[in-house]
Enquirer: 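My questions all concern the structure below.
These figures come from a predicted structure and were not determined experimentally. Computation of the quantities below employed the complete heavy-atom set of this structure, encompassing side-chain atoms and omitting hydrogens, waters and symmetry-equivalent molecules.
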Amino acid sequence: MGTVSISGTDVIVYGTQAGAKTYWQTTLNGSTFVDADSNIQKQSLVAATRWFDALGLVDENGDELMPTADDTGVPADVINASYEAALALIADPTLSGTSEIGGTNTKRVKAGSAEVEFFRPEDGSVLPRSVLLLLTPYLADRQGSDSSLNNEAFGTDVCQPFGDRNDPDLTEGFY
């Protein structure tokens, strides 16, 4: 984690500007971050940190994760996710003005004689898939369990774990 200074104001962020540059120097589309103005790089890291703070990230004990100035206590996946989010923000600055994580209010889609009408907004995400994949183990479930996406099936009043039922020797369905 680190501190970036923008116009004389120090802000603690996940990761560091130098770390983000190193992370992106080795990838195909990394030049978007590496070639960006220094202040834009810093601002994108601040915006990514604010996104993550709004998500309410938690560690394996359920304790809230917060960026620190001395590089302790934050998993590498969260730091890498901040670099991924920072790049996405530079590539598409309109993402920074989005206050919600996902959704669309499309009610009806029509193409010629084919038509579909939705009963509720569709789920979606503003965060890039790469960020969500890195953050999945650290996302707090808003209903109180430790994680909202770890090997559980939803859709009824009871969450059912399924991760341990993927035995390759099974040849029949569950009854």
Side-chain angles (χ1 to χ4, degrees), residues 1-106 121-152 154 163:
M1 295 34 60
T3 304
V4 295
S5 184
I6 303 170
S7 300
T9 301
D10 290 339
V11 182
I12 296 175
V13 297
Y14 291 106
T16 64
Q17 183 179 12
K21 283 183 176 181
T22 300
Y23 182 86
W24 286 117
Q25 284 176 341
T26 59
T27 62
L28 186 60
N29 62 346
S31 62
T32 302
F33 186 91
V34 174
D35 296 341
D37 177 75
S38 178
N39 277 333
I40 298 294
Q41 292 173 349
K42 294 174 190 177
Q43 290 167 342
S44 69
L45 289 169
V46 170
T49 298
R50 289 178 180 163
W51 257 354
F52 295 0
D53 289 347
L55 287 173
L57 302 180
V58 295
D59 64 15
E60 65 276 355
N61 299 318
D63 297 326
E64 185 178 10
L65 282 175
M66 297 295 290
T68 61
D70 62 356
D71 201 21
T72 59
V74 178
D77 282 347
V78 174
I79 295 169
N80 291 340
S82 75
Y83 298 157
E84 294 279 345
L87 175 79
L89 287 160
I90 291 172
D92 184 0
T94 62
L95 293 177
S96 66
T98 307
S99 60
E100 60 188 61
I101 303 299
T104 176
N105 289 321
T106 303
E122 294 180 65
D123 292 335
S125 178
V126 171
L127 294 172
R129 181 171 170 74
S130 59
V131 174
L132 290 174
L133 289 172
L134 289 166
L135 292 182
T136 295
Y138 309 101
L139 293 172
D141 182 2
R142 302 295 181 224
Q143 283 136 9
S145 72
D146 8 57
S147 175
S148 60
L149 299 172
N150 288 332
N151 295 332
E152 292 181 4
F154 298 92

Enquirer: Please report the closest heavy-atom contact between Ile90 and Gln41, naming both atoms and the distance.
Expert: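 Smallest heavy-atom distance, with atoms named: CD1-CA, 4.3 Å.
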
Enquirer: Between Asn61 (side chain only) and Asp63 (backbone N and O only), is there a donor and an acceptor less than 3.5 Å apart?
Expert: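 No, Asn61 side chain to Asp63 backbone: no donor-acceptor pair under 3.5 Å.
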
Enquirer: With Lys42 as reference, evaluate Val11, Thr3, Val4 under the side-chain contact (heavy atoms from CB on, under 4.5 Å) test and give the passing residue.
Expert: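 Single pass found, and it is Val4.
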
Enquirer: Looking at Ser82 and Gly15, what are the two nearest heavy atoms and their distance?
Expert: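 The answer is OG-N, 4.4 Å.
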
Enquirer: Just by modelled atom types, is the Gly30 backbone N or O under 3.5 Å from a matching donor or acceptor in the Thr27 side chain?
Expert: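 Yes: the side chain of Thr27 pairs with the backbone of Gly30.
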
Enquirer: Tell me the closest heavy-atom pair linking Asp53 and Pro67, and the distance in Å.
Expert: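 In this case the closest contact between Asp53 and Pro67 is OD1-CD, 3.8 Å.
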
Enquirer: Hey, does the side chain of Thr49 reach the backbone of Tyr14 with a donor-acceptor pair shorter than 3.5 angstrom?
Expert: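 Present.
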
Enquirer: Calculate, to the nearest 0.5 Å, the distance between atoms OH and CG belonging to Tyr138 and Asp77 respectively.
Expert: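 Reported value, rounded in 0.5 Å steps: 4.5 Å.
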
Enquirer: Quiz question: by atom type and distance under 3.5 Å, do the side chains of Glu84 and Tyr23 form a donor-acceptor pair?
Expert: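 There is such a pair (donor and acceptor under 3.5 Å, judged by atom type) between the side chains of Glu84 and Tyr23.
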
Enquirer: As an exercise, state the distance from CD of Gln43 to CG of Asp37, rounded to the nearest 0.5 Å.
Expert: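 Spacing of CD (Gln43) from CG (Asp37) equals 8.0 Å.
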
Enquirer: Nearest 0.5 angstrom please: Thr32 OG1 to Asp92 CG, how far?
Expert: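 The OG1 atom of Thr32 sits 11.5 Å away from the CG atom of Asp92.
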
Enquirer: Backbone N or O of Gln17 within a donor-acceptor pair of the Tyr83 side chain at under 3.5 Å?
Expert: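 No, because the side chain of Tyr83 does not come within donor-acceptor range (under 3.5 Å) of the backbone of Gln17.
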
Enquirer: Which atoms form the tightest heavy-atom contact between Leu55 and Leu139, and what is the distance?
Expert: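 In this case the closest contact between Leu55 and Leu139 is CD1-CD2, 4.1 Å.
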
Enquirer: Please walk me through it: do Leu57 and Val78 pass side chain to side chain contact (heavy atoms under 4.5 Å, CB included)?
Expert: CA-CA 9 Å; Leu57 302 180; Val78 174; 4.0 Å; yes

Enquirer: Could you verify whether a donor N or O on one side chain and an acceptor N or O on the other, from Ser5 and Asp10, lie under 3.5 Å apart?
Expert: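 Yes.
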
Enquirer: If every non-hydrogen atom of Ala20 is compared with every non-hydrogen atom of Leu45, which pair is closest and at what distance?
Expert: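 Looking at all heavy atoms of both residues, the closest pair is CB-CD2, 4.4 Å.
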
Enquirer: Between Leu135 and Ala81, which heavy-atom pair has the shortest distance, and what is it?
Expert: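 Scanning both residues, the minimum pair turns out to be CD2-CB, 3.7 Å.
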
Enquirer: Are the side chains of Pro93 and Ile40 in touch, meaning some heavy atoms are under 4.5 Å apart?
Expert: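 Not in contact.
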
Enquirer: I need the Leu89 CG to Arg50 CZ distance, nearest 0.5 Å.
Expert: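 Output value for this atom pair is 11.5 Å.
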
Enquirer: Go through Ser44 and Phe33 one step at a time and tell me if the side chain to side chain contact (heavy atoms under 4.5 Å, CB included) criterion holds.
Expert: CA-CA 9 Å; Ser44 69; Phe33 186 91; 3.6 Å; yes

